[in-house]
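Atoms considered below: every heavy atom in the structure, side chains included; atoms not considered: hydrogens, waters and symmetry mates.
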Number of protein chains: 2
Amino acid sequence: MKVTDDSSPLCPVARALTCVGDSWTLLILRDAMQGARRFDEFQRGLGIASSMLTRRLERMVSNELLEKRCYQRHPPRYEYHLTAKGHDLAPVILTLYRWGEQHLPIEADGFRLVDRRTQGPVEPILYDRCHDRPLSPGDVCLAPGPDANPAVHARVERMRNAFERGDFPDSQPAAARADCRAAMAASDSINE
Amino acid sequence: MKVTDDSSPLCPVARALTCVGDSWTLLILRDAMQGARRFDEFQRGLGIASSMLTRRLERMVSNELLEKRCYQRHPPRYEYHLTAKGHDLAPVILTLYRWGEQHLPIEADGFRLVDRRTQGPVEPILYDRCHDRPLSPGDVCLAPGPDANPAVHARVERMRNAFERGDFPDSQPAAARADCRAAMAASDSINE
DNA sequence: ATCGGTCACTTTCATTATGGAAGCGACTCT
DNA sequence: AGAGTCGCTTCCATAATGAAAGTGACCGAT
């Protein structure tokens with residue numbers, strides 16, 4: 001990937017993707033979050049070529065997603081531990097998990113996401129901490145910051161036009177929010 | 001990427017990544033969510049090679065993230081609209097946005113994520129709809145489903161061991177949840 | 001003491017993906 | 001009439017990846 005667009009370095013999504021924009025990196029993070037630490041644990045869990053794994057672990061260390069900890073000298077051997085930065089990608093992984101479960105279903109049921117204490121089901125959704133309520137992606141939009149360049153303004157403008165054209169299915173405020181509350185109430189009563 | 005591990009097809013994250021596990025796909029989705037529809041809109045917004053864009057759009061259509069709509073015959077020309085499946089990836093993009101903003105800061109402030117109506121700040125976090133409370137990734141774990149194979153059990157086992165070793169920084173139940181409530185209260189009062 | 005195995009790599013090489021540039025056909029605008 | 005736009009496609013050099021083999025220091029059993 002070689003991005004040349006003006007607005008790219010300003011966009012947090014583009015910046016995030018230079019760090020975690022490939023499958024292996026995210027799968028390594030997944031396994032690290034499941035407790036994998038050593039080279040061969042990752043290799044077995046992923047079926048990745050060892051040369052690739054070496055390259056990826058190195059890049060992840062240099063991007064500060066993982067840190068090396070020596071657990072043996074002669075020969076020097078390292079464990080790869082998640083840093084706080086790496087750990088903070090957990091919401092991304094969980095969100096992907098949920099999407100994969102919903103939209104790429106398979107017949108088999110191999111994994112379940114559960115509450116650690118109760119072992120009951122868990123359903124991660126987005127929530128807006130500022131307004132203290134569930135967040136529909138349609139509730140949100142982009143605004144230019146003080147350092148916005150013309151490309152950023154064009155983006156913001158285009159998004160507003162799209163909204164005015166009615167392109168956003170989940171941005172009918174009242175209905176969407178009512179649905180959401182109803183769904184929450186329903187799932188609550190099911191789980192009671 | 002060529003995954004050969006036993007537990008892979010059973011893992012929703014791995015399945016999701018076969019669909020959206022590269023930067024261009026996610027950046028195209030980002031732009032589509034900002035209202036981009038046509039070939040040249042994507043191309044300008046991304047700085048992507050046109051051959052790559054053709055390939056990616058096709059793959060995304062065949063994966064049902066986008067759908068083609070003809071807006072002109074002679075020559076046939078298409079717009080690429082998000083499907084519901086594609087739209088449902090918005091939480092992934094927003095979660096990446098937030099991570100990029102927090103962990104890959106730059107001096108400039110080009111973009112802001114705001115509430116569409118109030119134009120006030122928005123802060124997406126994960127929330128558990130089943131328990132109706134903010135979700136720390138450490139609150140969650142994996143359980144084997146009825147079709148789990150040995151690789152899945154090994155994974156689950158390893159994660160439990162890692163937890164028992166105390167490898168999960170945000171899984172101190174009481175403290176974490178108290179912090180979270182405090183942070184929510186604080187951000188509420190700031191935004192009042 | 002020797003044998004096999006493990007662990008974390010590195011190296012090599014064939015295959016595949018990608019980026020850049022150019023071209024193209026049917027328009028539209030001046 | 002001529003230039004420009006739009007959405008491609010084709011071609012080719014370069015870069016990324018995967019598979020397989022090799023390595024060197026250990027360890028545990030015979």
Between P of C/dC9 and CD of A/Glu79, the distance in whole Å: 12 Å

Whole-Å distance separating the CD atom of A/Gln43 from the P atom of D/dG18: 12 Å

A/Ser23 (side chain) donor-acceptor with B/Gly21 (main chain) under 3.5 angstrom: yes

d(CG, B/Leu46; C1', C/dT18) in whole Å: 15 Å

Length of the CZ-P vector between B/Arg55 and D/dC11, whole Å: 13 Å

Atom-pair distance (CZ on B/Arg37; C1' on D/dC6), nearest Å: 18 Å

Whichever of A/Arg56 and B/Tyr78 has its nearest DNA chain D nucleotide further upstream toward 5': B/Tyr78

Length of the line joining B/Ile48:CD1 and D/dC8:C1', which is rounded to integer Å: 14 Å

Heavy-atom donor-acceptor pair, B/Glu58 side chain to B/Val61 backbone, under 3.5 Å: no

Under 4.0 angstrom between A/Tyr71 side-chain N/O and D/dC26 OP1 or OP2: no

Sugar-phosphate only, base, or nothing, as touched by A/Arg38 at under 4.0 Å among non-hydrogen atoms: sugar-phosphate

Flag, side chain of A/Thr83 to backbone of A/Glu64, donor-acceptor distance under 3.5 Å: yes

Toward the 5' end of DNA chain C, by each residue's nearest nucleotide, B/Ala49 or A/Phe39: A/Phe39

Earlier contact from the 5' end, DNA chain D, for B/Asp40 and B/Ser51: B/Asp40

Flag, side chain of A/Arg37 to backbone of A/His81, donor-acceptor distance under 3.5 Å: no

Sugar-phosphate only, base, or nothing, as touched by B/Tyr80 at under 4.0 Å among non-hydrogen atoms: sugar-phosphate

Ring-face cation of B/Arg38 near B/Tyr71 (centre distance under 6.0 Å, axis angle within 45°): yes

Phosphate contact (C/dG19 OP1 or OP2) by B/Trp24 side-chain N/O below 4.0 Å: yes

Within 45° cone and under 6.0 Å: B/Arg56 NZ/CZ vs B/Phe42 ring: no

Residue-phosphate contact under 4.0 Å: A/Arg44 side-chain N/O, C/dT6 OP1/OP2: no

Contact letters for nucleotides 23-30 of chain C, in which S counts primed atoms plus P, OP1 and OP2 and B counts the base, heavy atoms under 4.0 Å: --BSS---

Atom-pair distance (CZ on B/Phe42; C1' on D/dC6), nearest Å: 15 Å

For atom CE of B/Met52 and atom P of D/dT9, their distance in whole Å: 13 Å

Any donor-acceptor N/O pair, A/Asp40 side chain to A/Gln43 backbone, under 3.5 Å: no

